[in-house]
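Here is the structure we will look at, set down as structure tokens.
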There are 2 protein chains.
Amino acid sequence: MYQATTAEENYLKAIFKIAEKEKKSVSTNSLARALQTSPASITDMIKKMADKNLLNYEKYKGVTLTIDGNKIATELIRRHRLWEVFLVEKLRFAWHQVHEIAEELEHIGSPELITRLDAFLDYPKFDPHGDPIPNAEGRFTIRTQLPLGDLGKNIESVLLGVKEHSTPFLEYLHDLNIKIGTNILIKERTEYDHSLSILVDKKREISISQQVAQNLLVKRV
Amino acid sequence: MYQATTAEENYLKAIFKIAEKEKKSVSTNSLARALQTSPASITDMIKKMADKNLLNYEKYKGVTLTIDGNKIATELIRRHRLWEVFLVEKLRFAWHQVHEIAEELEHIGSPELITRLDAFLDYPKFDPHGDPIPNAEGRFTIRTQLPLGDLGKNIESVLLGVKEHSTPFLEYLHDLNIKIGTNILIKERTEYDHSLSILVDKKREISISQQVAQNLLVKRV
DNA sequence: AAATATTTTTAAGCTTGTCTAAAAATAATT
DNA sequence: AATTATTTTTAGACAAGCTTAAAAATATTT
């Protein structure tokens with residue numbers, strides 16, 4: 001398998017993530033936005049990467065990942081999420097502090113390192129934000145989860161993950177002591193602004209906006 | 001403090017290590033050898049690094065580290081050795097498998113990461129090869145140690161470290177189950193080839209060459 | 001001290017990954 | 001369908017870090 005450069009790896013991961021949301025092929029512009037570079041650079045780079053069989057590229061039509069490209073992207077996500085588990089579980093970082101560091105750690109190539117890290121962490125299936133960690137074969141664990149906002153009143157649930165990953169959002173939840181596994185129940189819905197009054201861990205009652213409610217992914221218990 | 005690139009970091013570390021052995025300033029050629037690049041590239045790079053106040057450089061006179069350069073180099077050695085402890089103690093790598101991986105890990109910049117890693121590992125003072133780990137202020141722990149070969153007959157000692165760090169040498173010791181803390185005692189010296197018959201952990205008697213004996217650093221017990 | 005060998009530097013150029021400005025293609029509007 | 005707006009590509013250029021070949025400086029021998 002071709003050993004991609006760090007820059008190529010970042011392209012592959014960005015393409016994977018954009019393709020995950022939008023179904024169609026990934027446009028030059030959306031990639032430029034995601035990678036904080038100019039569209040011209042993107043065109044340049046994706047041409048080279050297509051030549052290396054990492055991408056399918058047709059002029060003016062955007063790109064998709066090849067089998068090879070997908071494999072590398074998945075491996076990167078695996079590494080990133082395993083390192084995030086390490087940083088939170090072992091080094092006691094808060095969940096909003098780990099993304100940047102994992103962005104660097106994920107580029108370290110040794111397969112043996114990841115195999116051993118995985119074992120050391122006891123083969124976690126989800127990262128600190130509730131995102132699934134692909135296994136060594138690249139398979140993701142699927143589970144049903146829904147936005148808290150979709151739940152009815154007085155239905156008990158636990159937090160499985162978050163849809164939004166921004167530092168401010170994660171910090172906001174951290175300050176409210178809401179984390180993976182937290183028990184949540186909707187007590188009241190305000191009609192005019194759709195904000196919710198929720199019972200957290202069967203003790204504290206707090207108010208959250210609809211936006212927050214849509215970004216909390218839960219399962220009924 | 002200036003954030004050095006990975007290439008610059010490698011230069012600084014190489015200069016630090018060469019300067020450690022040879023007292024004088026570090027020559028272009030020795031650096032080229034250490035970094036596996038051409039002397040021309042070295043000249044190019046050290047000129048730029050001198051402009052950035054990382055090195056003291058005078059044409060045809062070699063380089064020395066500035067205060068800034070020394071600080072970065074020491075920090076790199078700190079990171080490298082802490083990661084090696086992690087790889088051996090936590091991930092159960094053998095001591096000859098960790099150098100390459102630590103070479104990559106050491107370039108990850110987050111100070112918070114290293115602070116927490118250090119705490120997680122319980123503030124180790126030496127790495128898996130017995131080399132001292134500089135503390136956060138850059139200070140190395142000094143201790144007296146001498147080559148096994150310098151010891152007299154029937155004097156008990158324990159292995160503190162190794163002078164040579166090559167993979168074959170480390171593997172050789174690994175296969176003999178000789179490691180940091182192993183108890184060693186010289187039973188016999190062969191006159192004509194200076195090889196030694198040693199008692200390992202008070203149980204096994206084996207023969208080692210003079211060269212091996214000079215690369216084992218011990219203290220009397 | 002002169003000749004030779006070695007080391008270091010200069011010069012010119014290459015690759016990777018980026019940029020800006022302008023041209024071309026595609027999409028959206030009227 | 002024609003015009004306008006947006007997106008994408010091309011063209012030319014640049015910094016970092018490397019290369020080889022040749023020139024200059026230093027070190028070593030005789």
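Keep in mind it's a predicted model, so treat the numbers as computed, not measured. Letters A, B, ... mirror the listed sequences (proteins, then strands); counts begin at 1.
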Under the side chain to side chain contact (heavy atoms under 4.5 Å, CB included) test, which residues partner Asp175(A), sequence neighbours left out?
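None.
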How would you list, by chain and number, every residue that makes a side chain to side chain contact (heavy atoms under 4.5 Å, CB included) with Ser157(B), sequence neighbours excluded?
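Leu148(B), Leu151(B), Ile184(B), Val218(B).
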Within residues 41-51 of chain A: residues closer than 4.0 Å to DNA chain C (heavy atoms):
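Contacting residues: Ser41(A), Asp44(A), Met45(A), Lys48(A).
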Strand-adjacent residues in residues 14-30 of chain B, judged by heavy atoms under 4.0 Å from DNA chain C
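Ser27(B), Thr28(B), Asn29(B), in order of number.
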Do any pairs count as a salt bridge (Lys or Arg N to Asp or Glu O under 4.0 Å) and have a residue in residues 66-75 of chain A, sequence neighbours left out, and if so which ones?
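Applying salt bridge (Lys or Arg N to Asp or Glu O under 4.0 Å) to every pair that reaches into residues 66-75 of chain A, excluding sequence neighbours, yields Glu75(A)-Arg79(A).
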Taking atom P of dC19(C) as reference, at what distance in whole Å does atom CG of Leu35(A) sit?
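It works out to 10 Å between those atoms.
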Using a heavy-atom cut-off of 4.0 Å to chain B, what are the terminal contacting nucleotides of DNA chain D, in 5' to 3' order?
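Under 4.0 Å from chain B, the extent on DNA chain D is dG17(D) to dT26(D).
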Identify every side-chain donor-acceptor pair in residues 14-29 of chain B under 3.5 Å, counting partners at least two apart or on other chains, and give the distances.
residue: Ser25(B); atom: OG; partner: Lys61(B); partner atom: O; Å: 2.7
residue: Ser27(B); atom: OG; partner: Ser30(B); partner atom: N; Å: 3.1
residue: Ser27(B); atom: OG; partner: Ser30(B); partner atom: OG; Å: 3.0

Ring pair (Phe, Tyr, Trp, His ring centres under 6.0 Å) involving His174(B) - partner list, sequence neighbours excluded
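His174(B) satisfies ring pair (Phe, Tyr, Trp, His ring centres under 6.0 Å) with His96(B) once adjacent residues are dropped.
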Would you please name every residue forming a ring pair (Phe, Tyr, Trp, His ring centres under 6.0 Å) with His107(A), sequence neighbours left out?
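For His107(A), no residue satisfies ring pair (Phe, Tyr, Trp, His ring centres under 6.0 Å) once neighbours in sequence are set aside.
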Let me have the donor-acceptor pairs involving side chains of residues 119-135 of chain A, under 3.5 Å, with sequence neighbours excluded, atom names and distances please.
residue: Lys125(A); atom: NZ; partner: Tyr123(A); partner atom: O; Å: 3.4
residue: Asp127(A); atom: OD1; partner: His129(A); partner atom: N; Å: 2.7
residue: Asp127(A); atom: OD1; partner: Gly130(A); partner atom: N; Å: 3.1
residue: Asp127(A); atom: OD1; partner: Asp131(A); partner atom: N; Å: 3.0
residue: His129(A); atom: ND1; partner: Glu84(A); partner atom: OE1; Å: 3.1
residue: His129(A); atom: NE2; partner: Trp95(A); partner atom: O; Å: 2.9
residue: Asp131(A); atom: OD2; partner: His165(A); partner atom: NE2; Å: 2.6
residue: Asn135(A); atom: OD1; partner: Glu137(A); partner atom: N; Å: 2.9
residue: Asn135(A); atom: OD1; partner: Gly138(A); partner atom: N; Å: 3.0
residue: Asn135(A); atom: OD1; partner: Arg139(A); partner atom: N; Å: 2.9

Selection residues 50-84 of chain A - residue pairs positive for ring-ring contact (aromatic ring centres under 6.0 Å, His included), sequence neighbours left out
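Of all non-adjacent pairs touching residues 50-84 of chain A, those that pass ring-ring contact (aromatic ring centres under 6.0 Å, His included) are His80(A)-His99(A), Trp83(A)-Phe86(A).
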Indicate whether OP1 or OP2 belonging to dT26(C) is found under 4.0 Å from a side-chain N or O atom of Lys59(A).
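Answer is no, no contact under 4.0 Å.
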On DNA chain C, compare the nucleotides closest to Lys61(A) and Gln36(A); which residue's is nearer the 5' end?
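On the 5' side of the pair lies Gln36(A).
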Is the closest side-chain heavy-atom distance between Arg78(A) and Ile114(A) below 4.5 Å?
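In contact.
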Solution key, residues 45-56 of chain B side-chain donor-acceptor pairs under 3.5 Å, sequence neighbours excluded:
residue: Lys52(B); atom: NZ; partner: Tyr2(B); partner atom: OH; Å: 3.0
residue: Lys52(B); atom: NZ; partner: Glu8(B); partner atom: OE2; Å: 2.6
residue: Asn56(B); atom: OD1; partner: Thr64(B); partner atom: OG1; Å: 3.1

Taking any heavy-atom pair under 4.0 Å as a contact, classify Ser38(B): base, sugar-phosphate, or nothing.
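Answer is base: heavy atoms of Ser38(B) come under 4.0 Å of a base.
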